[in-house]
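Read the structure below first, then the notes.
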Amino acid sequence: MKETKHQFTPAKKITTMFPFSRCLFSVVLFVFLLRLCDGAFIEKKVHLRITNDLGNGLDLNLHCKSQDDDLGAHVLAPHQFFEFSFRPNFWATTLYFCRFWWGGESHWFDIYVQNRDIERCNKKCWWMIDPTGPCLLNDKVKRYTYCENWNDQQIQGSSQIGTGNSTARMSNDSEYLEGNEKRGK
């Protein structure tokens, strides 16, 4: 009896594994393209502005950082602003925090928390800083309605609003600020 040798044919082995690999690759490619078209994979650039609204002619000193970027210290005269732009990361963990000081006061605040701010300010995150804390511009109504307490203190007797910060406050000052934006309700 003649012995027949069976040769291993790599092409046959590859084709049996290839449909799963092709399917997995297709799914990954589809998700990537979907996120890319939605603008979520390559996140939209956020423009963040911080304006001095301390009053009484006080200068505002600030120093902002993220895990990767130190934006340095800045001094803002009354109604001056400091701004910077960045792209939030894919994992929705982008965080910028700032220390603010003037006179004998010193406070800090998480000026951009991606999960908190992505819906509230989308691409335009404009903050007004006053002695009681920062207020974020609600671009839909052109008013600074999202007011927060400093991270390092909780103001007693403030009204609570649903902003993701358990110490959020509501500002009722009707003074007009930059252009048509107003503070509070």
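This structure is a prediction, so every number in the text was calculated from the model and none was measured.
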How far apart are the C-alpha atoms of Arg120 and Glu148, what are their side-chain angles, what is the distance that settles it, and do they pass the salt bridge (Lys or Arg N to Asp or Glu O under 4.0 Å) test? CA-CA 13 Å; Arg120 294 196 309 177; Glu148 307 280 351; 2.9 Å; yes
Between His107 and Asp152, does the side-chain contact (heavy atoms from CB on, under 4.5 Å) criterion hold? Intermediate values first, please. CA-CA 6 Å; His107 301 284; Asp152 54 4; 3.2 Å; yes
Applying side-chain contact (heavy atoms from CB on, under 4.5 Å) to Lys44 and Lys123, what does each step give before you reach the verdict? CA-CA 7 Å; Lys44 298 171 188 163; Lys123 296 186 299 182; 4.0 Å; yes
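When the side chains of ILVMFWY residues are joined at heavy-atom separations under 4.5 Å, either directly or via intervening members, Trp101 and Trp127 end up in two distinct hydrophobic clusters. No continuous path of ILVMFWY side-chain contacts below 4.5 Å connects Ile111 to Val75, so the two sit in separate hydrophobic clusters. Residues Val46 and Phe97 fall into different hydrophobic clusters, defined by Ile, Leu, Val, Met, Phe, Trp and Tyr side chains chained together at heavy-atom separations under 4.5 Å. Following chains of ILVMFWY side-chain contacts shorter than 4.5 Å, one can reach Leu62 starting from Leu58, so the two form part of one hydrophobic cluster.
If you look at Phe82 and His74, their ring centroids are closer than 6.0 Å. Not less than 6.0 angstrom separates the ring centroid of His63 from the ring centroid of Trp108.
To the nearest 0.5 Å, the span separating CG on Leu136 from OH on Tyr112 amounts to 10.5 Å. In this structure, Lys45 NZ and Arg87 CZ are separated by 5.5 Å, a value rounded to the nearest 0.5 Å. Between the SG atom of Cys121 and the NE2 atom of His47 there is a distance of 11.0 Å, given to the nearest 0.5 Å. The line from SG of Cys135 to CE of Met128 is 9.0 Å long, rounded to the nearest 0.5 Å. Note that SG of Cys98 and CG of Leu71 are 7.5 Å apart. Values are rounded to the nearest 0.5 Å. Distance check: Ile50 CD1 to Glu83 CD gives 10.0 Å after rounding to the nearest 0.5 Å.
Taking all atoms of both residues into account, the shortest heavy-atom contact from Tyr144 to Leu137 is CD2-N, 3.4 Å. Closest non-hydrogen pair, Asp59 versus Pro78, comes out as OD1-CD, 3.6 Å. Looking at every heavy atom in both residues, Leu95 comes nearest to Ser66 through O-CB, 3.3 Å. His79 and Thr51 get closest at one heavy-atom pair: O-CG2, 3.9 Å.
In this structure, Trp102 and Pro131 have side chains that are in contact, with non-hydrogen atoms separated by less than 4.5 Å. When side chains are defined from C-beta on, Ile129 does not count as touching Asp53, because their heavy atoms never get closer than 4.5 Å.
Considering Asp68, Asn89, Val113, Ile118 as possible partners of Thr94, the one that fulfils the side chain to side chain contact (heavy atoms under 4.5 Å, CB included) test is Asn89.
Looking only at distances, no side-chain donor or acceptor of Asn61 sits under 3.5 Å from a matching main-chain atom of Ala73. Side-chain atoms of Asp130 come within 3.5 Å of backbone atoms of Thr132 as a donor-acceptor pair (strictly under, hydrogens ignored). Under the 3.5 Å distance criterion, the side-chain polar atoms of Asp70 are matched with a main-chain donor or acceptor of Gly72. Checking side-chain atoms of Asn52 against main-chain N and O of Leu76 turns up a donor-acceptor pair under 3.5 Å.
Remark: Arg99 does not engage Glu105 in a salt bridge, criterion side-chain N to carboxylate O under 4.0 Å.
Ring-plane geometry between Trp150 and Phe109 is classed as perpendicular, the angle between the planes exceeding 60 degrees on a 0 to 90 degree scale with a lower cut at 30. Ring-plane geometry between Phe86 and Tyr96 is classed as tilted, the angle between the planes lying from 30 to 60 degrees on a 0 to 90 degree scale.
Side-chain contact, Asn151 with Asp110: a donor N or O sits under 3.5 Å from an acceptor N or O.
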